[in-house]
A.B. asks: 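Quick one: the structure is below, questions incoming.
Below, all heavy atoms of this structure are taken into account, side chains as well, without hydrogens, waters or symmetry copies. By convention in this document, chain letters (A, B, ...) are assigned in the order of the sequence lines, proteins followed by strands, and residues within each chain are numbered from 1.
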There are 2 protein chains.
Amino acid sequence: MISISEVELDDFLGQCSTKTFKRNETVSLPNAVPNEIFFINRGLIRVMITDNEGIEHTVHFALENQFISDYSNFIQKQPSFYTLQALEETQVVILSRSAIEWGYKNLQEGEKMGRLIAEYYFIYQDNRIKNTFSRTPKQRYDNITDVFPNIHNRVPQHMIASYLGITPVHLSRLKKASR
Amino acid sequence: MISISEVELDDFLGQCSTKTFKRNETVSLPNAVPNEIFFINRGLIRVMITDNEGIEHTVHFALENQFISDYSNFIQKQPSFYTLQALEETQVVILSRSAIEWGYKNLQEGEKMGRLIAEYYFIYQDNRIKNTFSRTPKQRYDNITDVFPNIHNRVPQHMIASYLGITPVHLSRLKKASR
DNA sequence: TTTAAACGATAACAAATGTTTAGACTTTCG
DNA sequence: CGAAAGTCTAAACATTTGTTATCGTTTAAA
């Protein structure tokens, strides 16, 4: 995405650390200001939001080689609404706020990197909004591997139903109806 | 959002033009690569997506002092899915792709501006996704003026229902039930 | 290895939401 | 101004989706 020298990359990564989470371990809880962005080396993280009735909704799945955080509240320095949970043993690189701000200032193309990352996630979300308007849950289920390859072998079906905004019982029904 | 000198601003705006659309006039059609971003001086633009059954869904309302375009496909240089329609007489500043790319390269804080704009729209969309998961359509209706002030006096109710993802009849019912 | 928990399918029933049509009122525009 | 189009509510009915419970199977952890 950007040009970056060996030296720059080493300087940047020198400010980062790695951490490993066990299966089903919580990576991040709501109500705290997120000051880190995670990059997933291996594993899978589920992003959830808990509504007023205490029901958990799966908002997103983050896979290997992707960044994940409550990026919105990271930017705004506001308390997070999201819970992040490792669904498998998951190793992440932790990018602290200070490392990221250092990068914006000191990397030759730091601001451009920031722009491209923000644009990338904007596009992801925009696609998602387009899909929710123009496709039925069944159509989105049938195409979910476009966004999350191999998801069916890694995540229980009821979490996929939650991501689609329907009940697990209903998803089971939809699958039956299309057989 | 950024520091910009008089000279820089004049150079940038010199590459832009203004245009006025009549009430109900189409601002932008799908299937063409969007090469412009609009800034609304006055008026109101509705963003729509048409599904496979030919049904129009209202995706967004853009108000005064806001930027609007199919930003996702502007970035990707892909054909748009959206229709933009002026719901009132609407005056826009047209920022061409060339002007924007010029700004990224030549404005002192051009890349930073690009990052902040992308981040801003990311946050807007993230809030929207949070809301669709954690709130009912009625709750979102009751709070819609947080996002679109005075919308009830400017837009017919059936378009708000479309934005909420429900039928106009159902919205009418929800309003009645809460009286 | 064993046992408890989790998972997915299914059925019966309840609730929410969509569809169609009608009518009264308002707005738009020639 | 006046006709036509647009708008909202309402009711009756149809359809979709959620809820709860059960059962057989798989999975996970002690």
A.B. asks: Once you round it to whole Å, what is the distance between C1' of C/dT27 and CD of B/E88?
C.D. replies: 15 Å

A.B. asks: I'd like to know if B/R154 pairs up with B/E64 as an ion pair, taking the criterion as any Lys NZ or Arg NE/NH1/NH2 lying under 4.0 Å from an Asp or Glu carboxylate oxygen.
C.D. replies: yes

A.B. asks: Using whole Å, report how far CD1 of A/I166 lies from C1' of D/dT19.
C.D. replies: 15 Å

A.B. asks: OP1 or OP2 of C/dA9 sitting under 4.0 Å from any side-chain N/O of A/Q157?
C.D. replies: yes

A.B. asks: Please round to the nearest 0.5 Å and tell me the distance separating atom CD1 of B/I45 and atom NE2 of B/H60.
C.D. replies: 9.5 Å

A.B. asks: May I ask you to decide if B/F74's main-chain N or O and B/R97's side chain share a donor-acceptor pair within less than 3.5 Å?
C.D. replies: yes

A.B. asks: For the pair made of NE2 in A/H158 and C1' in C/dA5, what is the distance, rounded to whole Å?
C.D. replies: 12 Å

A.B. asks: Decide yes or no on side chain to side chain contact (heavy atoms under 4.5 Å, CB included) for A/V155 and A/L44, but give the supporting numbers first.
C.D. replies: CA-CA 9 Å; A/V155 166; A/L44 192 162; 3.9 Å; yes

A.B. asks: In whole angstrom, give the distance that lies between atom CD of B/E56 and atom P of D/dG6.
C.D. replies: 13 Å

A.B. asks: Between atom CG in A/N153 and atom C1' in C/dG8, what is the gap in whole Å?
C.D. replies: 15 Å

A.B. asks: Identify the residue among A/K19, A/E36, A/R42 that makes a side chain to side chain contact (heavy atoms under 4.5 Å, CB included) with A/V92.
C.D. replies: A/K19

A.B. asks: In whole angstrom, what separates B/H57's NE2 from C/dG18's P?
C.D. replies: 11 Å

A.B. asks: Name all residues meeting the side-chain contact (heavy atoms from CB on, under 4.5 Å) criterion together with B/T145; count only those two or more places apart in sequence or in a different chain, and write none if there are none.
C.D. replies: B/I151, B/H152

A.B. asks: The test is salt bridge (charged side-chain N to carboxylate O under 4.0 Å, His left out); show your working for B/R115 and B/E119 and say whether it passes.
C.D. replies: CA-CA 6 Å; B/R115 170 169 69 85; B/E119 287 180 352; 3.1 Å; yes

A.B. asks: Across nucleotides 22-30 of chain D, 5' to 3', mark each nucleotide with B, S or - according to how protein heavy atoms within less than 4.0 Å reach it.
C.D. replies: ------S--

A.B. asks: Does a side-chain N-to-carboxylate-O contact under 4.0 Å join A/K130 and B/D70?
C.D. replies: yes

A.B. asks: Between A/H57 and A/Y82, is the gap from one ring center to the other below 6.0 Å?
C.D. replies: no

A.B. asks: Under 4.0 Å, heavy atom to any atom of DNA chain D: which of residues 167-179 of chain A qualify?
C.D. replies: A/T167, A/V169, A/H170, A/R173

A.B. asks: Using atom OH of B/Y141 as one end and atom C1' of D/dC8 as the other, report the distance to the nearest whole Å.
C.D. replies: 11 Å

A.B. asks: For B/L164 and C/dT17, what is the distance between atoms CG and P respectively, to the nearest whole Å?
C.D. replies: 12 Å

